[in-house]
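Below you'll find the structure, written out as structure tokens, and then a few comments.
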Protein chains: 2
Amino acid sequence: MEKYKLLIVEDDANLGQVLREYLELKGYETVLCADGDIGSKTFHSDVFDLCILDIMMPKKDGFTLAREIRVSDKQIPIVFLTAKSMKEDTIEGFRLGADDFLTKPFSMEELLLRLKAILRRTVGNEKIKSGETEFQFGNFHFESTKQILRCGGEEIKLTTKENELLRLLSLNMGQMLDRSTALKKIWHDDSYFNARSMDVYITKLRKHLKRDKNIQILTVHGHGFKLVKMD
Amino acid sequence: MEKYKLLIVEDDANLGQVLREYLELKGYETVLCADGDIGSKTFHSDVFDLCILDIMMPKKDGFTLAREIRVSDKQIPIVFLTAKSMKEDTIEGFRLGADDFLTKPFSMEELLLRLKAILRRTVGNEKIKSGETEFQFGNFHFESTKQILRCGGEEIKLTTKENELLRLLSLNMGQMLDRSTALKKIWHDDSYFNARSMDVYITKLRKHLKRDKNIQILTVHGHGFKLVKMD
DNA sequence: GTTGCCTTTTAACCAATTTTAACCGAGAAT
DNA sequence: ATTCTCGGTTAAAATTGGTTAAAAGGCAAC
């Protein structure tokens with residue numbers, strides 16, 4: 001699955017670099033901007049899942065930037081970084097739709113945990129709702145809300161796990177679906193036994209997909225699976 | 001619009017009372033429990049939108065309680081209150097799916113802002129439409145106040161439990177209705193025997209809904225049921 | 001109160017889904 | 001080539017859900 005993409009706007013080059021390296025190490029895609037002006041420009045020319053904004057910055061402070069962001073995006077989660085815990089700041093920040101507030105110095109670990117808690121409630125859930133529930137590939141028509149895979153006149157009822165796994169594969173059609181990502185999204189835990197369980201379901205899906213030999217699930221050894229059209 | 005309902009579990013009677021009064025003043029419905037045992041019992045016999053749990057408590061600490069809660073509800077937001085910012089605690093808490101973490105002493109205002117930020121993102125908010133009493137799906141017209149399900153010219157009288165269950169399913173049309181939520185709302189207790197009773201009623205409803213084969217109750221294994229149009 | 005009817009719960013049994021386990025084969029690394 | 005890890009397949013065990021029928025509970029008419 002795709003990585004979450006984070007916009008980091010922080011004028012302290014040192015902290016910015018640390019944030020960036022740590023979060024990339026943890027599997028996020030990041031873009032670091034050194035001030036609010038660049039941050040604003042970057043936000044409007046790319047798509048992000050979450051913004052981390054320092055409040056005190058030269059040229060354009062974090063709140064002003066947040067206001068600009070909110071004009072074009074009312075939804076995107078925003079996390080503010082602040083030097084000292086100023087009460088008015090906090091209040092103003094939450095009024096702007098902030099999702100969290102970290103007072104420097106904070107631990108990278110805590111930041112990471114808070115980001116996860118926020119993202120868990122946003123992107124993943126929206127994608128389920130966002131209409132990407134029907135897929136067409138080869139002779140198949142797959143309706144994930146109804147848990148049905150149609151092929152020609154045939155109607156195959158999918159079990160819950162079959163359905164979820166095929167949905168993830170379909171969302172990433174042609175791209176690789178990472179084992180670990182799938183496990184975390186469907187089994188909520190990347191462990192040995194769940195991994196073996198997933199392999200069983202890959203086998204089951206392959207059996208269903210035999211109905212059109214142009215559609216296959218390829219193995220990317222050591223990394224994951226890929227649903228492809230073979231034409 | 002209905003109020004958000006908060007479960008507060010806090011052994012310090014003083015703080016508990018303050019929390020309670022402040023949050024009720026701010027428009028929330030609250031239930032205050034003095035220890036983890038009572039908290040657990042309360043959670044399993046009522047439906048809440050968010051839990052505020054103190055970590056250090058006699059009888060049953062906040063983490064143990066959170067683990068119990070997570071068994072039957074993977075979604076509900078949990079906010080922990082902690083005396084001192086202990087790093088390991090924080091990590092364990094977030095692992096349990098915590099949404100936030102407040103270190104005592106905190107300001108009521110900050111708590112409120114953080115609660116709002118979390119509730120803004122919670123999905124499955126059927127509160128907005130919970131006043132609805134009439135539903136139309138497929139050939140059916142369902143009047144929950146009259147406990148009548150019409151199909152074509154036919155008029156099916158529903159029993160109380162049939163009616164309540166179909167109403168919950170209808171409110172969540174197309175979305176999953178969590179087993180545990182349904183049990184708590186209709187049977188007021190999420191227990192083994194009530195769960196079996198609910199299965200019996202799912203069977204009864206499926207029998208009624210056979211009159212239009214486009215309307216079905218799908219099973220989401222291990223989680224709940226989903227009323228869907230199959231067009 | 002007792003009777004009869006209707007609703008709900010309990011129980012027993014059966015069916016489906018998911019997990020665990022065992023075994024085998026393909027690929028990578030040495 | 002040999003060893004080791006990783007993935008594939010199949011079957012069994014475990015868990016969870018579905019159906020049916022009988023028991024229990026509730027309520028109104030008598």
Side-chain angles (χ1 to χ4, degrees), chain A residues 144 146-149 155-169 176-210 216-228, chain B residues 45 71-74 144 146-149 155-169 176-210 216-227:
Chain A
S144 69
K146 298 170 186 163
Q147 305 194 181
I148 283 179
L149 177 65
E155 187 176 295
I156 306 153
K157 282 185 192 166
L158 300 176
T159 71
T160 308
K161 286 273 192 290
E162 283 171 350
N163 186 60
E164 290 184 82
L165 186 53
L166 185 55
R167 189 178 146 271
L168 273 195
L169 286 164
M176 191 198 61
L177 170 66
D178 192 69
R179 290 186 73 93
S180 160
T181 309
L183 283 167
K184 281 187 274 193
K185 292 218 180 193
I186 301 180
W187 279 267
H188 309 111
D189 186 18
D190 177 353
S191 73
Y192 173 78
F193 282 115
N194 288 338
R196 304 332 321 283
S197 201
M198 178 161 115
D199 289 336
V200 172
Y201 277 91
I202 289 288
T203 299
K204 292 188 183 194
L205 287 182
R206 277 178 172 149
K207 235 173 242 173
H208 289 141
L209 296 177
K210 279 212 177 95
Q216 293 199 8
I217 297 174
L218 301 184
T219 311
V220 183
H221 197 98
H223 295 97
F225 301 96
K226 196 159 66 164
L227 183 64
V228 295
Chain B
S45 58
V71 171
S72 60
D73 194 327
K74 308 253 179 295
S144 67
K146 298 179 182 161
Q147 303 199 181
I148 284 178
L149 177 65
E155 187 176 296
I156 306 153
K157 282 184 195 168
L158 300 176
T159 70
T160 311
K161 287 273 192 288
E162 283 172 348
N163 186 61
E164 290 184 82
L165 187 52
L166 185 54
R167 189 174 149 273
L168 273 195
L169 285 165
M176 190 196 61
L177 170 66
D178 192 71
R179 289 185 75 94
S180 159
T181 308
L183 283 166
K184 285 189 282 190
K185 291 208 186 191
I186 302 179
W187 279 266
H188 310 294
D189 189 17
D190 176 353
S191 73
Y192 173 79
F193 282 115
N194 288 338
R196 303 334 320 283
S197 200
M198 177 160 116
D199 289 335
V200 172
Y201 277 91
I202 289 288
T203 299
K204 293 187 182 194
L205 287 182
R206 277 180 172 148
K207 235 173 243 171
H208 290 142
L209 295 178
K210 277 212 178 95
Q216 293 199 7
I217 297 174
L218 299 186
T219 322
V220 182
H221 196 101
H223 299 281
F225 300 96
K226 197 162 64 164
L227 183 64

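Each chain gets a letter, A, B and so on, in the order its sequence line appears, and its residues count up from 1. All figures in this text were calculated on a predicted structure; none of them were measured in a lab.
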What is the distance, rounded to the nearest whole Å, between atom [atom1] of [X] and atom [atom2] of [N]?
X: B:Leu205; N: C:dT8; atom1: CG; atom2: P; value: 11 Å
X: B:Asp199; N: C:dT17; atom1: CG; atom2: C1'; value: 14 Å
X: A:Lys157; N: C:dT17; atom1: NZ; atom2: C1'; value: 14 Å
X: A:Asn163; N: C:dT17; atom1: CG; atom2: P; value: 12 Å

* Please work out if B:Thr203 contacts a base, only the sugar-phosphate, or nothing of the nucleic acid, heavy-atom cut-off 4.0 Å. => base

* Looking at every strand, decide which applies to A:Tyr192 at a 4.0 Å heavy-atom threshold: base, sugar-phosphate, or nothing. => nothing

Under the salt bridge (Lys or Arg N to Asp or Glu O under 4.0 Å) rule, collect the residues that match up with [X], sequence neighbours excluded.
X: A:Asp199; result: A:Arg179, A:Arg196
X: B:Lys146; result: B:Glu143
X: A:Lys226; result: none

Checking [X] now: which residues fulfil side-chain hydrogen bond (donor to acceptor under 3.5 Å, both in side chains) with it, not counting sequence neighbours?
X: A:Gln216; value: none
X: B:Thr203; value: none
X: A:Asp190; value: A:Ser180
X: A:Thr219; value: A:Arg206

* May I ask you to decide if A:Lys161's main-chain N or O and A:Glu164's side chain share a donor-acceptor pair within less than 3.5 Å? => no

* Could you tell me whether a side-chain N or O of B:Asn163 sits under 3.5 Å from a main-chain N or O of B:Ser144, the two making a donor and an acceptor? => yes

* **side chain to side chain contact (heavy atoms under 4.5 Å, CB included) involving A:His221 - partner list, sequence neighbours excluded** => none

* **All side chain to side chain contact (heavy atoms under 4.5 Å, CB included) counterparts of A:Lys210, not counting sequence neighbours** =>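 Applying side chain to side chain contact (heavy atoms under 4.5 Å, CB included) to A:Lys210 gives A:Lys207.
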
* Asked: 5' to 3' on DNA chain D, which nucleotides open and close the contacts with chain B (atom under 4.0 Å from a heavy atom)?
  -> D:dT16 to D:dT20

* Where protein sits on nucleotides 18-30 of chain C, one letter per nucleotide: B base, S sugar-phosphate only, - none, heavy atoms under 4.0 Å -> BBBS-----S---

* **Rounded to 10 degrees, the angle between the two terminal axes of the helix from C:dG1-D:dC30 to C:dT30-D:dA1, each from five pairs** =>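 Roughly 30° between the end axes, to the nearest 10°.
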
